[in-house]
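Here the structure is laid out as structure tokens; the discussion comes afterwards.
Given the structure is predicted, the values throughout are model-derived calculations rather than measurements. Here is how names work: the chains are called A, B, and so on, in the same order as the sequence lines, proteins then strands, and each is numbered from 1.
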Protein chains: 2
Amino acid sequence: MTLPPQADSSSADHPVTPAGAPGVGRVAKAIPEATVARLAVYLRVLGQLAEGGAETVSSEELAAVSGVNSAKLRKDLSHIGTHGIRGVGYDVAVLQQELERVLGQDHPQAVALVGVGNLGHALAGYGGFGGRGFPVTALFDVDPDLVGILINGIEVRHARDIPQACREAGVTIGMIATPAQAAQAVCDQLVESGVHAILNFAPAVLQVPEDVEVRKVDLAVELQVLAFHVAGRGGITDHVATPPQVVNGRNGSAVPAS
Amino acid sequence: MTLPPQADSSSADHPVTPAGAPGVGRVAKAIPEATVARLAVYLRVLGQLAEGGAETVSSEELAAVSGVNSAKLRKDLSHIGTHGIRGVGYDVAVLQQELERVLGQDHPQAVALVGVGNLGHALAGYGGFGGRGFPVTALFDVDPDLVGILINGIEVRHARDIPQACREAGVTIGMIATPAQAAQAVCDQLVESGVHAILNFAPAVLQVPEDVEVRKVDLAVELQVLAFHVAGRGGITDHVATPPQVVNGRNGSAVPAS
DNA sequence: AATTGTGAAACTTTTCACAGCG
DNA sequence: CGCTGTGAAAAGTTTCACAATT
């Protein structure tokens, strides 16, 4: 009965105002939230294709590799005023650039991470963040055993320095990997520091002003959703045992892990 | 041009067959995917409320603390045939139990984790997974430096043992925290082991048979979505006033840090 | 001939608003 | 009276299917 009410603008909420749009009389239609997340996937896949030497790609191909259907992909790309070539497909390099621009990835965003315990430490050490372009430039914690240590060459500072350090480093995105009960206070400090985008790993719903975007990664919820599916199938698994069906031909690959 | 096509049943895909439903006549209405994820949140919040000594809670209260609006919460609960008391609210303990049952949390699910590198190590070390009920009972990797070590008292085994070890341990949920290029092979092995639910942290789209549920957590995508908002907001914060109320959103549990 | 871009249809999810119950 | 449960409307998202374009 004492828990604070909370708001958040995570996952699928409000539509989104367009990015680059330089012109004047711009009222360009917003890009749907669901689309934005997929654009990021397309961008990653395009990178892989480019590495493989592809110069063009059809919506059919790109969609297949991205795990969506081609109509959806084309609709998604139509939101960014795309420049595919009918009868041919998309120029990989051009599309890549276009997506980077729209996603605001042409300028790297400085990221601050608060909470370098178990998970936070891993996140801090996870250099590059898959797609790169998101340098973690500031680390914070309150644990005296952690404050002062270096992770990936970055010193962990005390959380009380968040506002000052974030402003100095020009941080635009904050990640919260603290225990739940500390999350709101940390969030408030990040907001105070001028951060408008927060990725929250703590199992807590954050309350933020409406111009701050929060996304959350909630491992327990993910597992529970999976458990739901397991339970739902539980007694009914009898069908189609588990044939060694691997639909696509090529596959294999050694398995590095670290 | 050599990348395999992929399908994925992650986020919001097929509707879902009901859980506990013991009766004969099956076919009860499916619970919407979006709802399932929120039920997990409500369950966590109820736990906090129960700890705080609350015996009943209104949809308004529970919704506020969960970061959603009350109509949505009531609609969500209506899918599980709820038993609120008009004029009063919900009995906290009853609702908790009901949610646990529906989410299949009354029996804990054994979880296997493949890839105990940077991120995987943190996941393995995080005992309890927020909501608990998801014991990590098997760890795998291919790195000789990692195979054989103990994490939280569990020995890391070679990935080649996945099928055997998973069957022995009765694993029902697999987590993949390997590099992208290893993910599909690992996934295939998990599926072969009879695992029907997979949480994928690798930046790759997994191809699975349709009776396997995959959810993915993609940190790079999350950051890119946030970067999009940072880039887009700059000049255009044309919001629609500030409603006197909690907006909505979602939340979840995740991983503590220190 | 192949493939994009897109209106319109289908479907899903959210919100509204209120009847009905305790 | 206060609050739940829900039908119906609205909003958002996906899919279809085809005319337009290279």
Side-chain angles (χ1 to χ4, degrees), chain A residues 7-17 28-39 41-42 54-64 66-92 94-95 98 225, chain B residues 7-17 29-39 41-42 54-64 66-92 94-95 98 240 243 245-250:
Chain A
D8 120 272
S9 49
S10 301
S11 302
D13 272 6
H14 31 241
V16 155
T17 46
K29 63 272 170 143
I31 300 179
E33 191 74 22
T35 291
V36 175
R38 284 191 301 264
L39 293 180
V41 174
Y42 305 150
E55 307 228 313
T56 62
V57 65
S58 70
S59 63
E60 203 64 64
E61 290 175 289
L62 182 52
S66 302
V68 303
N69 78 16
S70 64
K72 195 192 289 188
L73 178 134
R74 289 199 302 277
K75 182 73 91 182
D76 283 344
L77 292 184
S78 79
H79 288 297
I80 65 169
T82 183
H83 290 289
I85 306 159
R86 293 177 192 226
V88 179
Y90 302 88
D91 183 294
V92 171
V94 168
L95 191 49
E98 199 66 14
V225 171
Chain B
D8 131 57
S9 49
S10 300
S11 304
D13 267 9
H14 30 241
V16 155
T17 46
K29 68 256 164 164
I31 300 180
E33 191 73 24
T35 291
V36 175
R38 285 190 300 264
L39 293 181
V41 174
Y42 305 151
E55 307 227 315
T56 63
V57 65
S58 69
S59 64
E60 201 65 64
E61 289 174 291
L62 181 52
S66 302
V68 304
N69 77 18
S70 64
K72 195 190 289 189
L73 178 134
R74 289 199 302 277
K75 183 72 95 183
D76 282 343
L77 293 185
S78 78
H79 288 297
I80 65 169
T82 184
H83 290 289
I85 308 158
R86 293 177 193 229
V88 178
Y90 301 89
D91 183 293
V92 171
V94 168
L95 190 50
E98 199 65 15
V240 192
Q245 231 224 357
V246 173
V247 190
N248 81 3
R250 16 176 73 182

Whole-Å distance between [N] [atom2] and [X] [atom1]?
X: B:I31; N: C:dT12; atom1: CD1; atom2: P; answer: 15 Å
X: A:D91; N: C:dT4; atom1: CG; atom2: P; answer: 13 Å
X: A:L95; N: C:dT3; atom1: CG; atom2: P; answer: 16 Å
X: A:D76; N: C:dG5; atom1: CG; atom2: P; answer: 12 Å
X: B:E98; N: D:dG5; atom1: CD; atom2: P; answer: 12 Å
X: B:E60; N: C:dA17; atom1: CD; atom2: C1'; answer: 14 Å
X: A:L62; N: C:dG5; atom1: CG; atom2: P; answer: 12 Å
X: A:L73; N: D:dT14; atom1: CG; atom2: P; answer: 12 Å

Scan A:T82 against the nucleic acid and name what it touches under 4.0 Å (heavy atoms): base, sugar-phosphate only, or nothing.
->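 Answer is sugar-phosphate: A:T82 comes under 4.0 Å of backbone atoms only.
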[atom1] of [X] to [atom2] of [Y]: how many Å apart, nearest 0.5 Å?
X: A:L77; Y: A:L39; atom1: CG; atom2: CG; answer: 7.0 Å
X: A:L62; Y: A:Y42; atom1: CG; atom2: OH; answer: 7.5 Å
X: B:R74; Y: B:S58; atom1: CZ; atom2: OG; answer: 9.5 Å
X: A:R38; Y: A:E33; atom1: CZ; atom2: CD; answer: 11.0 Å
X: B:Y90; Y: B:T56; atom1: OH; atom2: OG1; answer: 12.0 Å
X: A:I80; Y: A:L95; atom1: CD1; atom2: CG; answer: 6.0 Å

Which pair of non-hydrogen atoms, one from B:V68 and one from B:K72, has the smallest distance, and what is that distance?
->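 Minimum heavy-atom separation between B:V68 and B:K72: CB-CD, 4.5 Å.
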What closest approach, in Å, do A:V94 and A:D91 show between heavy atoms, and which atom pair accounts for it?
->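 Smallest interatomic distance, heavy atoms only, reads N-OD1, 3.0 Å.
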Using five base pairs at each end, measure the axis-to-axis angle across the helix from C:dA1-D:dT22 to C:dG22-D:dC1 and round it to 10 degrees.
->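 Computed angle between terminal axes is 10°.
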For B:S58 and A:R38, take the nucleotide of DNA chain D holding the closest heavy atom to each; which residue's nucleotide lies nearer the 5' end?
->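 Its nucleotide being nearer the 5' end, the pick is B:S58.
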Is the phosphate of D:dG5, meaning OP1 or OP2, less than 4.0 Å from a side-chain N or O of B:Y90?
->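 So the side-chain polar atoms of B:Y90 do come within 4.0 Å of the phosphate oxygens OP1 or OP2 of D:dG5, strictly under.
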Just to confirm, is there a sub-4.0 Å distance from OP1 or OP2 of C:dT3 to any side-chain nitrogen or oxygen of A:S59?
->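 For C:dT3, OP1/OP2 do not have a side-chain N/O of A:S59 under 4.0 Å.
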Return the set of residues passing side chain to side chain contact (heavy atoms under 4.5 Å, CB included) with B:E55 (not counting sequence neighbours), or none when no residue passes.
->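 Partners of B:E55 under the side chain to side chain contact (heavy atoms under 4.5 Å, CB included) test: none.
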For nucleotides 16-22 of chain D, 5' to 3', base contacts (B), sugar-phosphate-only contacts (S) and non-contacts (-) with protein non-hydrogen atoms under 4.0 Å give BB-BBBB
